[in-house]
2 protein chains.
Amino acid sequence: MDFEHADALNQAIRLLSLRHRARAATLLAPLGLHPGQEVLLLELARTGPMIQAQLSEALGCEPPSVTLMTRKLEATGHIRRRPAPSDKRASVVELTDSGSALADRVKQLWCALAEETVTGLPAETVAELPGILNALTGNVDTRRPRHSPGRRQAPAAEPRRAGRVDRSGEPAGDGADG
Amino acid sequence: MDFEHADALNQAIRLLSLRHRARAATLLAPLGLHPGQEVLLLELARTGPMIQAQLSEALGCEPPSVTLMTRKLEATGHIRRRPAPSDKRASVVELTDSGSALADRVKQLWCALAEETVTGLPAETVAELPGILNALTGNVDTRRPRHSPGRRQAPAAEPRRAGRVDRSGEPAGDGADG
DNA sequence: CGAATAACATTATGCGCATAACGTTATCCG
DNA sequence: CGGATAACGTTATGCGCATAATGTTATTCG
């Protein structure tokens, strides 16, 4: 691939990143949220309570990012953190009632954002987009090299399955052991 | 669009952003560069000396970002900043020799990154990607609303044309007046 | 001409990303 | 059992992004 084409592609990705994120920021601001926080709320809404390590895995970001985001969202009362019952290293994160309500609003603006993003594109293209983009992501994913199980992938598969924390709090312990 | 599809798309964009940028970071690190700085060097290499306002416009980011990046790249000797001859508000940014050499290396890794990104995708899809991604970007671009000339777009078109600074230094003044 | 407005670069601050390092807890294995 | 290793969350730091504010300079317009 020559430089012109390479540049066109990389720049296209970069600009989409910037603008999509900025647009999300605009939509999230009235909810008092910053880009990055919304996916954390959505993940908790989808999966239920989980420990922070599982969150960082699910979100595809590093633990310190989750630490800071959960700290802030806890401060605003949208999530709650409590020690995992059977693992003193871990803390379970869950949505509060206000957090659940907020997640519902995030879902709405998330739909609006996606619709806005694909406006004017053929339905066929729209349907293929997630797959294409995920393929690109897989190609450059240094955390999960292609065709390589990697150490990181094996643990990811297990905690995610066991990560669903029952309200009784007991499976949380098992999840943290995973 | 229902939430599931919207989520799939938004998450795909988000993850691509994170991973592509992280991969770029890995490739840029040996050159002592951080993601974001490379496009500044590439722009100067492509267009030649320009004032910072033009740079921020070309890169699609805000002026303070350019201020800090140019400051750092000047500190490492890769660019040079000098006052614009006919506008005391502006400063002209240009590559040094080491900056030009560095830009050449960035071009190489930029090609490698792009090739890595599209590995395994049909050539037809690859050819369409920049266009598709740019369409998405245009849809969510709050700085250049679709179908709206906008105040911002008018000035952008002019300085960019006149922004090409001749080595004589005189057109720079004209550019800054734009 | 001069007040009003706009442009330029900068500083301050906040944000989510990252890496590096750390202390505590849990697990593994000889 | 106990040393080695791994996992967890946290703190510190750096980075490019953003917005808000600022001071200086340039342009506009009555």
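Lettering of chains follows the sequences in order, A, B, ..., and the numbering in each one begins at 1.
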Inset, instruction - Give the nucleotide from the list dC15(C), dA18(D), dT10(C) with an atom nearest to the side chain of H34(A). - result: dC15(C)
Legend entry - Between dG16(C) (P) and L59(A) (CG): distance, integer Å: 12 Å
Inset, instruction - Return the minimal non-hydrogen interatomic distance between R81(A) and T67(A), and the atom names on each side. - result: NH1-O, 3.9 Å
Inset, instruction - Check the distance between dT24(D)'s P and I51(B)'s CD1 and give it to me in whole angstrom. - result: 20 Å
Inset, instruction - For DNA chain D, determine which residues of residues 22-30 of chain A have any heavy atom closer than 4.0 angstrom to one of its atoms, and list them numerically. - result: none
Legend entry - Residue list, side-chain contact (heavy atoms from CB on, under 4.5 Å) with S100(B), at least two apart or on another chain: L95(B)
Inset, instruction - Please check if the side chain of R19(B) supplies one atom and the backbone of N139(A) the other of a donor-acceptor pair under 3.5 Å. - result: no
Inset, instruction - State whether R143(B) places a side-chain N or O below 4.0 Å from either non-bridging phosphate oxygen (OP1 or OP2) of dT19(D). - result: no
Legend entry - Phosphate-side-chain proximity, Q52(A) and dT10(D), N/O vs OP1/OP2 below 4.0 Å: yes
Inset, instruction - Would you kindly give the CD-to-P distance between Q37(B) and dC15(D), to the nearest whole Å? - result: 8 Å
Inset, instruction - Would you indicate, yes or no, if dC8(C) has its OP1 or OP2 atom less than 4.0 angstrom from a side-chain nitrogen or oxygen of R81(B)? - result: no
Inset, instruction - Give a yes or no on this: more than 12 heavy atoms of other residues, nucleotides or ligands lie within 6.0 Å of atom CZ of R105(A). - result: no
Legend entry - Under-4.0 Å side-chain N/O to phosphate OP1/OP2 contact, R14(A) with dC17(D): yes
Legend entry - Atom-to-atom span, CZ of R21(A) to P of dG16(D) - whole angstrom: 15 Å
Legend entry - Closest nucleotide among dT24(C), dC8(C), dC17(D) to the R89(A) side chain: dT24(C)
Inset, instruction - Write down the distance between CG (L33(B)) and P (dG14(D)), rounded to a whole number of angstrom. - result: 18 Å
Inset, instruction - Indicate whether any N or O donor in one side chain lies under 3.5 Å from an N or O acceptor in the other, for Q52(A) and T70(A). - result: yes
Inset, instruction - Could you check whether P64(B) gets within reach of a base, just the sugar-phosphate, or nothing at all, counting any heavy atom under 4.0 Å? - result: base
Legend entry - Whole-Å distance separating the NZ atom of K88(B) from the P atom of dA6(C): 23 Å
Legend entry - More than 12 heavy atoms of other groups within 6.0 Å of D97(A) CG: no
Inset, instruction - Search all heavy atoms of E43(B) against all heavy atoms of L55(B) and return the closest pair with its distance. - result: CG-CD2, 4.0 Å
Inset, instruction - Tell me which residues in residues 67-80 of chain B put a heavy atom below 4.0 Å from DNA chain D, sorted by number, or none. - result: M69(B), K72(B)
Legend entry - Any side-chain heavy-atom pair of N10(A) and V39(B) under 4.5 Å: no
Inset, instruction - Using atom CG of L31(A) as one end and atom C1' of dC15(C) as the other, report the distance to the nearest whole Å. - result: 16 Å
Legend entry - Spacing of D2(A) atom CG and K107(B) atom NZ [to the nearest 0.5 Å]: 12.0 Å
Legend entry - Approximate separation, where rounding is to 0.5 Å, of E38(B) CD and L113(B) CG: 8.5 Å
Inset, instruction - Check every atom of dA18(C), dC8(D), dA18(D) against the side chain of R19(A) and return the nucleotide holding the closest atom. - result: dA18(D)
Inset, instruction - Check whether any side-chain nitrogen or oxygen of S91(B) sits under 4.0 Å from OP1 or OP2 of dC8(C), and answer yes or no. - result: no
Inset, instruction - Grab the CD-P distance between E62(B) and dC15(C) for me, whole Å please. - result: 18 Å
